[in-house]
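Written out below as structure tokens is the structure these notes cover.
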Amino acid sequence: MSIHLYDSATREIRVFKPLTPGAVSIYLCGATVQAPPHIGHVRSGINFDILRRWLTHSGFQVTFIRNVTDIDDKILQNALKEEIPWWALALKYERVFTNAYKELNVLPPTYEPRATGHITQMIELIEKLILRGKAYAPGNGDVYLDVHSLDEYLTISKQKLADLLVSPDGDQSFKKNPQDFALWKGAKSGEPSWPTPWGAGRPGWHIECSAMAHAYLGEAFDIHGGGLDLVFPHHENEIAQSNAAGYPFAKLWMHNAWVTTAGEKMSKSLGNSLRVNELLSKVRGIELRWYLGSAQYRSMLEYSPEALEESAAGFRRVENFLKRAKEIIGQNPEIKISKDFAAAMDNDLAVPEGLATIAELVRSGNAAITANDKKTISENAAYVRGALSILGCDPFDDNWVGDESNDLTEIVDGLVKLALAEREEARIRQDWQSADRIRDAISAVGISIEDTSSGPRWTITRGENR
RNA sequence: GGUGGGAUGGCCGAGAGGCGAGGCUCAGGACUGCAAAUCCUGCUACACGGGUUCAAAUCCCGUUCCCACCUCCA
């Protein structure tokens, strides 16, 4: 059994073999911290978090780098709008992102480098590129990569240089060729800048990732990830810069698809993006994560409020089984990975197929609860919990347990039991009216009552819209 | 113009030549004082037109429609 992954570069699924046996190095293009995250951003984080958890489970030592881009055109623009310094804006949104990742149980990366902390590495890389005759500084403070000097270009988007539409930004007077792209941008007045051999300026968009991947993962590493929209130009240009410097760079490219609404990509410019915070007021973090992680990472995920609610309800069914299993076996279920789930994950992270195995375990597990078959209950619960732990949705994970305000649970339990005792008395009298009145009163505050063979059981429902 | 992705039952969503993924909804049943939860049964779909094959949702040819990238994007 071995992990198979789809490589965007070769466009085929291949057996994954790391450069160093037993270890995997991953670089994921993280956020440009210019605004709060929408669910598309965190889908990427979740997809690669699942990859990371699966690789770790499979016995690999994973080094996971996810950068923060904290200097860029939009950051400068938005800082002007918000009337705060650009660095304050960047840090503000970096914290919002960090918080969103935490609320969705996305593990912190091994290291999370910021672009502005690696100016030195970028300058070194650019100098190397100039020395090798792959880049040029025309004297206006900019430095461009000479794409015609490359042995190869556009290898993963499979486009031809001549077919590209020329960007309409006009400012091409210093370029040898319109397709050349900026490694470094000369400072305009009022903009932040760093001193360089070519004058004061700031980084181009792509150079940071080449520099940071090199700094933390070396000249070659296993997996480079990001959203599908980064294939061109961002990743092509990263490859161009790194290869031109003599680095083999990434061995495998993985790209997650988007979250769409009404068939259209969620994007800032369209204004149809859904903020993470917005949705966290509708469903719990664990439910949002379950939803965003439920589609295969290369499939578009079509968002609708109904789809989210349906998915959340589906998760609650799974969660409910685990909690009932815990009550019966008297402790948290073990964490085990079933063969079927493993086979699904090994197949390019086929989460939907994995979900089907969970559904079957929950169904037969519930039947086992009815039959009071403890062996099957604990076995199924262990496999379900194992699968959920890979998906980052294990309800017994410390990250989520805080959600439950556990310290209050016992107090509530005492109160609810008082009321239930009264209801039981009414039921013995066959005074259904009183019994139902008590049940209705309890459910009105967001606690639902189920009569089971072993007596009444209560759970917090939080109402429809939380 | 170039490069990709897609169209699957009421809905969501997998699969990728034969053996009905799965979920949700709905209908019926079991359990229940009634609910809720749970279980059981039912609902034979793959954009369109050709073709290949013993066999096609899956392969080939053609057509229609949708989305995206080539400017900032996860």
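Each chain gets a letter, A, B and so on, in the order the sequences are listed, and its residues count up from 1. Note that the coordinates shown come from a computational prediction; the quantities given were computed from them, not determined experimentally.
Comparing B:G50 with B:U44, their P atoms are spaced 25 Å from each other, to the whole Å. One C1' atom belongs to B:G5, the other to B:G10, and the distance between them is 26 Å to the nearest Å. Taking the P atom of each, B:U25 and B:U38 are spaced 10 Å apart, rounded to whole Å. Between B:C60 and B:G17, the two P atoms lie 11 Å apart (nearest whole Å). The separation of B:A45 from B:G22, taken at their P atoms, amounts to 16 Å, rounded to a whole angstrom. For B:G42 and B:G51, the P atoms lie 36 Å apart once the distance is rounded to whole Å. B:C72 sits 38 Å from B:G9 when the P atoms are compared, rounded to a whole Å. Taking the C1' atoms as reference points, B:U8 lies 12 Å from B:A16, given to the whole Å.
Salt bridge absent: A:Arg53 and A:Asp394 never bring a charged side-chain N and a carboxylate O closer than 4.0 Å. A salt bridge links A:Arg439 with A:Asp436; the closest basic N to acidic carboxylate O contact falls under 4.0 Å. A salt bridge does not link A:Lys158 with A:Asp163: every distance from a Lys NZ or Arg NE/NH1/NH2 to an Asp or Glu carboxylate oxygen is 4.0 Å or more. We find that A:Arg316 and A:Glu287 are joined by a salt bridge, their nearest charged nitrogen and carboxylate oxygen being less than 4.0 Å apart. One finds no salt bridge joining A:Glu327 and A:Arg324 here, because no Lys/Arg side-chain nitrogen approaches an Asp/Glu carboxylate oxygen to under 4.0 Å.
Between the side chain of A:Gln159 and the base of B:G2, a donor-acceptor pair under 3.5 Å is found.
A:His255 has its NE2 atom 14 Å from the P atom of B:G5, to the nearest Å. Nucleotide B:A21 holds its C1' atom 15 Å from the CZ atom of A:Phe341, rounded to whole Å. When the P atom of B:U71 is taken as reference, atom NZ of A:Lys74 falls 14 Å away, rounded to whole Å. At whole-Å resolution of the value, CD1 in A:Ile156 and P in B:U3 are 17 Å apart. One atom, CD of A:Gln296, and another, P of B:A16, lie 11 Å apart when rounded to the nearest Å. Between A:Arg423 atom CZ and B:C34 atom P there is a gap of 13 Å when expressed in whole angstrom units.
The aromatic rings of A:Trp54 and A:Phe341 sit perpendicular to each other, their planes meeting at more than 60°, with 30° as the lower class boundary. The aromatic rings of A:Tyr303 and A:Tyr291 lie perpendicular to each other, with more than 60° between the two planes, well past the 30° mark. Using the six-membered ring where Trp is involved, A:Tyr101 and A:Phe97 have ring planes that are tilted, between 30° and 60° apart. Taking the six-membered ring for Trp and thresholds of 30 and 60 degrees, A:Tyr111 and A:Tyr216 have ring planes inclined between 30 and 60 degrees apart. By the 30° and 60° cut-offs, the orientation of the rings of A:His224 relative to A:Trp253 is parallel.
Phosphate proximity of B:A14 to A:Ser299: present, with a side-chain N or O under 4.0 Å from OP1 or OP2. A:Lys265 has a side-chain polar atom (N or O) that falls below the 4.0 Å cut-off from OP1 or OP2 of B:C69.
A cation-pi geometry, defined here as NZ or CZ lying under 6.0 Å from the six-membered ring centre and within 45° of its normal, does not hold between A:Arg66 and A:Phe48.
With a 4.5 Å cut-off on side-chain heavy atoms, A:Leu388 and A:Leu322 count as touching.
Here the side chain of A:Asp436 is nearest to one of B:A74, B:G33, B:U3, namely B:G33. Closest to the side chain of A:Arg11, from the set B:G4, B:A74, B:G22, is B:G4. Each of B:C34, B:A68, B:A21 was ranked by its minimum atom distance to the side chain of A:Trp258; first place goes to B:A68. Across B:A74, B:C72, B:G23, the shortest atom-to-atom separation from the side chain of A:Met266 is found for B:A74.
Side chains of A:Asp70 and A:Tyr93: a donor-acceptor N/O pair is absent below 3.5 angstrom, by distance only.
When heavy atoms are screened at a 4.0 angstrom cut-off, A:Ile449 is found touching base atoms of the nucleic acid. At the heavy-atom level, A:Val42 lies nowhere under 4.0 Å from the strands shown. Residue A:Ala295 is classed as a sugar-phosphate contact, given heavy-atom separations below 4.0 Å to backbone atoms only.
Judged purely by atom type and a 3.5 angstrom limit, A:Asn78 uses its side chain to pair as donor or acceptor with the backbone of A:Gln34. Without hydrogens or angle criteria, A:Asp346 side chain to A:His4 main chain gives no donor-acceptor distance under 3.5 Å.
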For Watson-Crick and G-U wobble pairs within 3.5 Å on both distances, what is RNA chain B written in dot-bracket notation, | included for inter-strand pairing?
(((((((..(((.....[...))).(((((.......)))))....(((((..]....))))))))))))....
What protein N or O atoms touch nucleotides 37-41 of chain B N or O atoms at under 3.5 angstrom, if any, and at what distances?
unit_1, atom_1, unit_2, atom_2, d
B:U38, OP1, A:Arg317, NH1, 3.3
B:U38, O3', A:Asn366, ND2, 3.2
B:C39, OP1, A:Arg317, NH2, 3.1
B:C39, OP1, A:Asn366, ND2, 3.4
B:C39, OP2, A:Arg317, NH1, 3.1
B:C40, OP1, A:Arg363, NH1, 2.3

Listed pairs, N/O of protein and of nucleotides 6-12 of chain B, under 3.5 Å:
none

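None of A:Asp73, A:Asp142, A:Asp72 except one satisfies the salt bridge (charged side-chain N to carboxylate O under 4.0 Å, His left out) rule with A:Lys185; the exception is A:Asp73. Across A:Tyr144, A:Phe181, A:Phe232, a single residue satisfies ring pair (Phe, Tyr, Trp, His ring centres under 6.0 Å) together with A:His206, and that is A:Phe181.
Within residues 66-73 of chain A, no residue has any heavy atom closer than 4.0 Å to RNA chain B. Within residues 95-102 of chain A, no residue has any heavy atom closer than 4.0 Å to RNA chain B. The stretch residues 222-241 of chain A touches RNA chain B through A:Gly226, A:Gly227, A:Asp229, A:Leu230, A:Phe232, each having a heavy atom under 4.0 angstrom from the strand.
The CD1 atom of A:Ile26 sits 8.0 Å away from atom CE of A:Met254, with the distance rounded to the nearest 0.5 Å.
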